[in-house]
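Below is one structure; the comments refer to it alone.
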Number of protein chains: 2
Amino acid sequence: MVTIKDIAARLQVSPSTVGRALADDPRISAATKQKVSEVAEEMGYVANLAARMMRGVSSNLIGLVLPDIRNGFYATIAHALSKCLQGARYQLALSETDDDRMVELQSIRELASANVAGIIIVPTAKPHRETVRLLKLSPHVQLLRKHAAIGDQWFGIDDTQAIFEATSHLVQLGHRRIGYIGGTDDLPTGSARLKGYHKALPGGESADPALVQLGAPGDADFGLNATRRLLALPKRPTAIVAGSVQMTQGILEELTAQGMRAPDDLSVVGFGDELGFRWWGPGLTTVGLPVHELATACGLWFVHQIRQRSASAAPYTSISPATLILRGSTRKHGPAAKTSVRASVRGATV
Amino acid sequence: MVTIKDIAARLQVSPSTVGRALADDPRISAATKQKVSEVAEEMGYVANLAARMMRGVSSNLIGLVLPDIRNGFYATIAHALSKCLQGARYQLALSETDDDRMVELQSIRELASANVAGIIIVPTAKPHRETVRLLKLSPHVQLLRKHAAIGDQWFGIDDTQAIFEATSHLVQLGHRRIGYIGGTDDLPTGSARLKGYHKALPGGESADPALVQLGAPGDADFGLNATRRLLALPKRPTAIVAGSVQMTQGILEELTAQGMRAPDDLSVVGFGDELGFRWWGPGLTTVGLPVHELATACGLWFVHQIRQRSASAAPYTSISPATLILRGSTRKHGPAAKTSVRASVRGATV
DNA sequence: TTGAAAGCGCTAACAT
DNA sequence: ATGTTAGCGCTTTCAA
């Protein structure tokens, strides 16, 4: 293993000079810095992080704490952050919580004891007190979900607007009985989305409570069962809005299973734009989320933040807008609309 | 921060005694150990990992190096490993290579300098010499892809059998012009799969080279363009087999775009079982891979391996079989089969 | 069975 | 602008 001493010996300078040169200390001449970094490169020098950490410097590890990496949504986030941090010579330490606050606490503990440089977290609904306390000890930022207790540094999406647009689109198409299947409102995202749904319903008209189905946002099976319940209603909805990626998947699954076709039998607006949504039936009209951009912005900001230890406490909030992606799964409601483009292409009559 | 010195001072013993007691050294009396651990507990002592690492003990970090976490395939692996290692108090450090050997090298360097306990890697096609060298310095295991240079500890899937089954299925249905779109054969997986394809073609009959399209396995666009090329052939294939997840996605994309419907216009067998494959057209017949099981097995084995520093050099190979999942995208080839179930359900005539 | 002491590689206060 | 030196907390010889 090559150490600064080796470099120092080669260059006939003291170890501290090398150390300072590598740390880009202003007291070292440009020429020396130049030479040092050349030799370091040549000898394949890699700083010993353990030794650094012992001197109080934190590791080059950034913890990423999120519910489930299999969710394409979070995978995109992990990818974007990984790229972004790689550029800044940081490593991602991945922790999954499964939306379980105790697992979350355990993860944070591990990260804290590993002396991470910072933590990027998508918090669970009710983080443990200890989780909050530990989080305060190192730089951190919240992603997507926001908890006041954890802090005011947050990158998220305008969830209310997202679902508002989705629902409004259906309202404009003449739909009145619109079902909503989304996450419970104990999560900030869940409640914001639900709010968007209500806000879009025409003239203060409160929705039939039976049309609103709330469950754990990561539970596709809930979406599936909720869809079944909605379809079994005496007055079934003419359209459904999804309030999470997994819910969308459950909904599509169940509609396919029941042989329901959008937009003929029902209009559907999904949440997120996973692979396959494009080719579900006539193409799923869905809420597109700028996840990649969001994560990149968050990563860049966070690295900057970590490097300037000073202003880290200042509140910061970034809200990105969602955009409705119009495809084939929604259509005007009413008897006049019964002949779909699709049906006519097939030459069929109804 | 409580150190062993503090404990030593409280107990009027030397720091080394405390250190040994905590390490359960046989030379320390049971009574002393008892006292030490009591006081340590009481004072809230937490071992300083950095200091430990400096003494050569590795961290509780396990590096996971793979091409792209957004690939559902790898996300499943990361998830399974994360769960598995969490139980053993290890943290996952995630590195993406994008199938670029220099990025791979850089990641390995980072991991090595972070003193990881071990590395689980899905190697690129031609890992750098230095990558191989560094890898040898810490415990490691290969996943899915196997490179002789890296070692003989490998967990993978029987790729040849997987594509053999997929192709055989089509052959049995009477197809003779079967296209194959897969990864290049410089990757071990690519070549094994291609072999399975050739093996399944009837009686040594070598395929029309134009029917075989090989590209970067992670490149969905290649799959898309390759599909276009196959469809533009004077004698177009009657069926297509996909040789990677991303290729499958490209193929489905292009078929949808061209308005080609399986199995009426063409039979298709996919690779992997991503979300959405189930609802593509009539449901995609595809090769199901036991990714979760594979990753879990790998994780358990690896932790065990790390904990017993001794026998780590012994070769170990685990091959899991793939299974064909029959859905609606394949059908008998020939004029007699022209009336599909689907068409008759619709009451249409052809 | 325990102590004393020497570092691991790095950073930072204190010289020069 | 650079060199000297003293540790960080732990493990690990070597002594007792």
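Only a predicted model underlies this, so the values are computations on that prediction, with no experimental measurement involved. Naming convention: chains lettered A, B, ... in sequence-line order (proteins, then strands); numbering from 1 in each chain.
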Considering only NZ, NE, NH1 and NH2 on the basic side and carboxylate oxygens on the acidic side, decide whether Glu110(B) and Arg89(A) come within less than 4.0 Å. yes

Give a yes-or-no answer on whether the side chains of Thr131(A) and Glu104(A) include a donor-acceptor pair shorter than 3.5 Å. no

Can you tell me how far C1' of dT2(D) sits from CD of Gln12(A), to the nearest Å? 14 Å

Parallel, tilted or perpendicular: which fits the ring planes of Tyr316(A) and Phe155(A), with parallel below 30° and perpendicular above 60°? tilted

Measuring to OP1 and OP2 of dT2(D), would you say a side-chain N or O of Thr32(A) lies under 4.0 angstrom away? yes

Roughly, in whole Å, what's the span from CG in Asp24(A) to P in dT2(D)? 14 Å

Heavy-atom donor-acceptor pair, Gln91(A) side chain to Leu111(B) backbone, under 3.5 Å: no

Quick one, Val65(B) and Ile108(B) - any side-chain contact, counting heavy atoms below 4.5 Å? yes

So, with a heavy-atom separation below 4.0 Å from DNA chain D, the residues of residues 13-21 of chain A are Val13(A), Ser14(A), Ser16(A), Thr17(A), Arg20(A)

Kindly say whether Gly151(B) contributes a backbone atom to a donor-acceptor pair with the side chain of Lys136(B) at under 3.5 angstrom? no

Rounded distance (Å) that lies between atom C1' of dC10(C) and atom CG of Asn60(A): 15 Å

Within the distance-only criterion (no hydrogens, no angle test), does the side chain of Gln142(B) pair as donor or acceptor with the backbone N or O of His147(B) below 3.5 angstrom? yes

At a heavy-atom distance below 4.0 Å, what parts of residues 33-42 of chain B sit against DNA chain D? none

Need to verify one output field. Residue with the more 5' nearest nucleotide on DNA chain C, Ala23(A) or Ser29(B)? Ser29(B)

Nearest-Å distance for atom pair CG/P, residues Leu49(B) and dG9(C): 18 Å

Between Ala295(B) and Leu81(B), what is the shortest heavy-atom contact and its length? O-CD2, 3.3 Å

Would you call Lys35(A) and Glu38(A) a salt bridge, using N to O less than 4.0 angstrom? no

If you take all heavy atoms of Thr184(B) and Ala216(B), which pair is closest and at what distance? CG2-N, 4.4 Å

Tightest non-hydrogen contact, residues Lys83(A) and Glu96(B), listed as NZ-O, 3.7 Å

I'd like a list of close polar pairs between nucleotides 7-10 of chain D and the protein, N/O only, cut-off under 3.5 Å.
unit_1, atom_1, unit_2, atom_2, d
dG7(D), N2, Arg55(A), NE, 3.4
dG7(D), N2, Arg55(A), NH1, 2.4
dG7(D), N3, Arg55(A), NH1, 2.9
dC8(D), O2, Arg55(A), NH1, 3.3
dC10(D), OP1, Tyr45(B), OH, 2.7
dC10(D), OP1, Asn48(B), N, 3.4
dC10(D), OP2, Ile4(B), N, 2.8

